[in-house]
Participant: 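One structure coming up, written as structure tokens, with questions to follow.
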Amino acid sequence: MKGIIALLLLLSQLILADFNLTNNVSKMLAEFKENPEVKLSTLSEENKTAKIEASLKKIEVLKKEDELKNKKSEAKRKQLEIERIQREEELKASNLRKSKIQKELEAIDHYLKEGNIWSKVYSNYETYQLLEFTLTQLENRITQLNDRSRLTEKQENALKKYEEQYKTTKGKIEQLKEYKVDPFKKLLMPDDIGKIPEVESPLDIISAVSFQKHLTAVEEDYNSRYLLLKETVSKLHDKGRVLSRLIELNVTDADYADELELVFLKLKEYKRTLEIFKTSQSALVQKISELKLNLKESIAKEAEKGIVIGSIILFLLLFFIFVKYLVRKYMLENELFYTTNKVINFIFITILSLVLLFSYLENVDHLVSILGFASAGIAIALKDWFMSIMGWFVIIFSGSIHVGDRIKLSKDGNEYLGDVVDISILRMTLHEDVTLTTESLNRRAGRIIFVPNNYIFTDMIANYSHSGLKTVWDGIDFMITFDSDVAKAQSIAKEVSRKYSKGYTDMTRKQLNRLRSKYSMRNTSVEPRIFAFLDEHGVRISVWYLTNAYATLTLRSTISMEILMRIREEEKIEIAFPSQSLFINQSAPKTLIKGSEVFKKNFNKEHGNSKKEDKYEPDDWGLY
């Protein structure tokens with residue numbers, strides 16, 4: 001009975017394959033071993049022992065088989081767990097690779113869309129193609145609806161919608177029509193180089209250098225376009241590889257196969273454009289290099305020419321500065337100093353102009369021909385200017401008028417007298433002073449008068465100080481009565497005029513002696529001259545004397561007042577003035593009344609004449 005129980009326990013252990021049940025069976029067997037007497041009382045000892053040992057061996061074998069199976073089951077379970085973990089890791093790695101590749105694809109798309117002119121132009125090209133396809137579809141639909149004899153309300157609304165879409169699409173196509181055939185036509189053309197400057201003067205060097213910078217900018221811009229196109233092609237290759245990897249990874253989130261086909265189409269167009277660009281870039285670089293080389297040679301040649309001309313001008317400038325220094329040193333007090341200085345300036349400017357003219361004029365014969373044909377027109381149109389220039393030459397080289405001379409001229413009945421302060425190539429400039437002319441005629445002075453140089457040919461010009469002659473004859477007239485002592489009056493006039501004009505008389509005598517070698521001068525008397533003339537109201541005494549050409553009024557005033565004071569002291573001389581005598585009931589006397597005491601008394605009273613007063617002694621203003 002015990003053996004059956006043991007076998008049942010063993011079978012149950014094999015069937016259930018439970019480790020805990022096996023442990024329980026083992027415990028029961030152990031208890032069975034401990035109490036053999038109680039449990040196997042009916043069996044013989046040998047059979048019992050043999051059976052028990054056999055059972056124990058079987059149990060041990062079964063136990064080992066069970067342990068082996070458990071081990072295999074555990075190993076298999078662990079293997080499955082490892083495989084599961086590996087699959088999860090591989091899935092994570094695959095997802096990570098997919099995510100990385102997709103990010104790489106996004107980066108490429110961002111580069112191609114943002115700030116890439118080639119992609120934008122090609123996008124416009126694609127848009128044009130799409131709009132053209134849409135327009136064709138709309139045309140077909142509109143044609144189909146128009147071909148129907150009768151339309152429902154829904155179809156009429158659809159027709160209106162298609163027509164509006166057609167107009168909108170047509171307008172968009174008009175705006176993008178430049179992308180119809182060759183989208184990269186404009187980008188393949190370099191910027192306009194512009195007109196190449198000709199370096200013919202130092203100022204052209206600036207334009208040439210600026211043009212060189214412009215060429216460099218054009219070349220850099222074209223190279224940047226080429227590099228951008230090259231980079232775009234590289235990015236498209238990268239995008240193709242990325243899409244291929246995504247397709248290999250069986251990514252079904254997007255239609256990468258269609259996109260890969262579009263990328264291949266773009267690559268075909270971009271590669272064709274890149275080949276054309278390489279040829280254009282090579283030609284442009286060669287052309288710009290040639291232009292830069294030519295400009296560099298022209299700049300170097302013109303710079304060398306400018307240095308030579310600058311050296312010549314510097315030499316001329318130093319030479320004329322030296323000449324002007326000598327003129328200033330040895331002719332500063334000479335009356336010809338100003339004129340000589342002007343002539344030197346004119347010669348310097350003329351030589352400088354000729355140097356520059358013949359240095360930068362390519363064909364002198366053309367200039368001579370042009371001036372020859374234009375000379376007649378210039379002579380007629382600029383007659384006054386031309387005559388003024390000729391007058392300037394006459395004034396300068398003849399020496400008839402110099403700066404500082406006092407001259408007088410008449411124009412349209414007006415007389416102008418002043419000092420020459422400047423002689424330019426077109427006109428003389430006078431400064432009007434207070435003179436007898438301004439006092440008696442104009443009654444104004446101090447004006448600046450501009451006289452064209454051509455007046456020397458058409459008008460009379462009087463020079464008060466020609467060839468160093470600084471004096472002129474001036475006259476004073478006064479009237480005395482017929483019964484006055486004429487001889488005494490003439491003596492007084494001569495004495496006073498000689499007294500105040502003596503300095504000018506001596507000066508004039510020396511000046512006239514110098515002028516005899518230049519002019520045929522016969523009457524060189526310089527002493528004061530006194531004349532007496534019968535007039536309607538008395539005897540007119542005319543006094544002529546030499547005075548300073550620049551201060552005639554001063555000496556005239558001085559001599560006039562002195563003669564008047566001397567005559568008032570003489571009883572036998574009376575100043576005559578228009579008067580009339582009336583004789584009532586009596587005949588006129590045959591002889592004139594000698595003097596008029598009444599007139600003398602009234603005249604002396606009015607003029608404050610008194611024998612006790614001092615004589616009039618004015619300053620000799622004419623001698624300064």
Participant: Is atom CD of Gln286 surrounded by more than 12 heavy atoms (other residues, nucleotides or ligands) closer than 6.0 Å?
Facilitator: no
Participant: Flag yes if more than 12 heavy atoms outside Glu261 fall under 6.0 Å of its CD atom; otherwise flag no.
Facilitator: no
Participant: Just by modelled atom types, is the Pro197 backbone N or O under 3.5 Å from a matching donor or acceptor in the Asp204 side chain?
Facilitator: no
Participant: State whether Glu67 and Lys71 are salt-bridged, where the test is any N-O pair (Lys NZ or Arg NE/NH1/NH2 against Asp/Glu carboxylate O) under 4.0 Å.
Facilitator: no
Participant: Mind checking side-chain contact (heavy atoms from CB on, under 4.5 Å) for Leu352 and listing every partner two or more places apart, or none if nothing turns up?
Facilitator: Ile313, Phe348, Leu356
Participant: Ignoring hydrogens, what is the shortest heavy-atom contact between Gly240 and Leu260? Give both atom names and the distance.
Facilitator: O-CD1, 3.5 Å
Participant: Are any non-hydrogen side-chain atoms of His237 and Val233 less than 4.5 angstrom apart?
Facilitator: yes
Participant: When you compare the side chain of Asn345 with that of Lys324, does any pair of heavy atoms fall below 4.5 Å?
Facilitator: yes
Participant: Not counting sequence neighbours, which residues clear side-chain contact (heavy atoms from CB on, under 4.5 Å) with Glu83? List them please.
Facilitator: Gln79, Leu80, Arg87
Participant: Can you confirm whether or not the ring centre of Tyr125 sits under 6.0 Å from the ring centre of Phe184?
Facilitator: no
Participant: Could you state the interatomic distance from OG (Ser123) to CG (Leu112), rounded to the nearest 0.5 Å?
Facilitator: 11.0 Å
Participant: Evaluate Leu131 against Lys170 for side-chain contact (heavy atoms from CB on, under 4.5 Å), listing each step before the verdict.
Facilitator: CA-CA 8 Å; Leu131 289 173; Lys170 192 74 173 177; over 6 Å; no
Participant: Check Ile344 against Phe320 and note the closest heavy-atom contact, atom names and distance.
Facilitator: CG2-CD2, 3.7 Å
Participant: Could you grab the distance from atom CG of Leu284 to atom CZ of Phe277, nearest 0.5 Å is fine?
Facilitator: 8.5 Å
Participant: CD/Gln212 to CD1/Ile205 distance, rounded to the nearest 0.5 angstrom?
Facilitator: 11.0 Å
Participant: Pairs under 3.5 angstrom only: tabulate donor-acceptor contacts from the side chains of residues 154-164 to other protein residues two or more places apart or in another chain.
Facilitator:
unit_1: Gln155; atom_1: OE1; unit_2: Thr152; atom_2: N; d: 3.1
unit_1: Asn157; atom_1: ND2; unit_2: Glu153; atom_2: O; d: 3.2

Participant: Please list, chain by chain and in numerical order, all residues satisfying salt bridge (charged side-chain N to carboxylate O under 4.0 Å, His left out) with Glu275, sequence neighbours excluded.
Facilitator: Lys278
Participant: Flag the pair Asp109 and Lys239 as a salt bridge only when some basic side-chain nitrogen lies within less than 4.0 angstrom of an acidic carboxylate oxygen.
Facilitator: yes
Participant: Is the CD1 atom of Ile117 crowded by more than 12 outside heavy atoms at less than 6.0 Å?
Facilitator: no
Participant: With a 4.5 Å cut-off on side-chain heavy atoms, are Leu215 and Leu295 touching?
Facilitator: yes
Participant: Which value, rounded to the nearest 0.5 Å, describes the distance between Ile389 atom CD1 and Phe393 atom CZ?
Facilitator: 7.5 Å
Participant: If you look only at pairs with a residue in residues 132-146, which of them pass as a side chain to side chain donor-acceptor pair (under 3.5 Å), with sequence neighbours excluded?
Facilitator: Glu139-Tyr166
Participant: Any heavy-atom pair between the side chains of Ser424 and Phe450 that's under 4.5 Å?
Facilitator: no
Participant: Can a donor-acceptor pair be found, under 3.5 Å and without considering hydrogens, that links the side chain of Thr169 to the backbone of Gln165?
Facilitator: yes
Participant: Applying ring-ring contact (aromatic ring centres under 6.0 Å, His included), can you list everything that pairs with Trp392, at least two apart in sequence or on another chain?
Facilitator: Phe346
Participant: Mind checking side chain to side chain donor-acceptor pair (under 3.5 Å) for Thr429 and listing every partner two or more places apart, or none if nothing turns up?
Facilitator: none
Participant: Nearest heavy-atom pair of Ser280 and Tyr222: which atoms, and what distance?
Facilitator: CB-OH, 3.1 Å
Participant: Mind running side-chain contact (heavy atoms from CB on, under 4.5 Å) on Arg84 and Glu88 for me, showing each step along the way?
Facilitator: CA-CA 6 Å; Arg84 185 183 64 77; Glu88 290 179 356; 2.6 Å; yes
Participant: Can you name the residues that form a side-chain contact (heavy atoms from CB on, under 4.5 Å) with Asp191, not counting sequence neighbours?
Facilitator: Val218, Asp221, Arg225
Participant: Is the shortest side-chain heavy-atom distance between Ser119 and Thr232 below 4.5 Å?
Facilitator: yes
Participant: After noting the C-alpha distance and the side-chain angles of Val403 and Val421, does the key distance pass the side-chain contact (heavy atoms from CB on, under 4.5 Å) rule?
Facilitator: CA-CA 5 Å; Val403 172; Val421 294; 5.6 Å; no
Participant: What residues form a salt bridge (charged side-chain N to carboxylate O under 4.0 Å, His left out) with Glu304, not counting sequence neighbours?
Facilitator: none
Participant: Considering non-hydrogen atoms only, spot the tightest contact between Tyr122 and Tyr270 and give its length.
Facilitator: CB-OH, 3.4 Å
Participant: Please identify each residue that fulfils salt bridge (charged side-chain N to carboxylate O under 4.0 Å, His left out) with Lys186, with sequence neighbours left out.
Facilitator: Glu178
Participant: To the closest 0.5 Å, what do you measure between CD1 (Ile309) and CG (Leu314)?
Facilitator: 13.5 Å
Participant: Lys100 versus Leu96: any side-chain heavy-atom pair under 4.5 Å?
Facilitator: no
Participant: Are more than 12 heavy atoms, taken from residues, nucleotides or ligands other than Lys292, located less than 6.0 Å from that residue's NZ atom?
Facilitator: yes
Participant: Verify side-chain contact (heavy atoms from CB on, under 4.5 Å) between Lys172 and Thr127, making sure each step is shown before the conclusion.
Facilitator: CA-CA 9 Å; Lys172 292 179 179 179; Thr127 303; over 6 Å; no
Participant: Tell me every residue that passes salt bridge (charged side-chain N to carboxylate O under 4.0 Å, His left out) with Glu269, counting only those two or more places apart in sequence or in another chain.
Facilitator: Arg272
Participant: How far does CD1 of Ile312 sit from CD1 of Ile351, to the nearest 0.5 angstrom?
Facilitator: 12.0 Å
Participant: For Met390, is the CE atom crowded, meaning more than 12 foreign heavy atoms sit under 6.0 Å from it?
Facilitator: yes
Participant: State, without any angle test, whether Asn116 and Lys235 hold a side-chain donor-acceptor pair at a distance under 3.5 Å.
Facilitator: no
Participant: Run the side-chain contact (heavy atoms from CB on, under 4.5 Å) test against Ser234 and tell me which residues pass, sequence neighbours left out.
Facilitator: Asp238
Participant: Considering only heavy atoms from C-beta outward, does the side chain of Ile193 approach that of Leu291 to under 4.5 Å?
Facilitator: yes
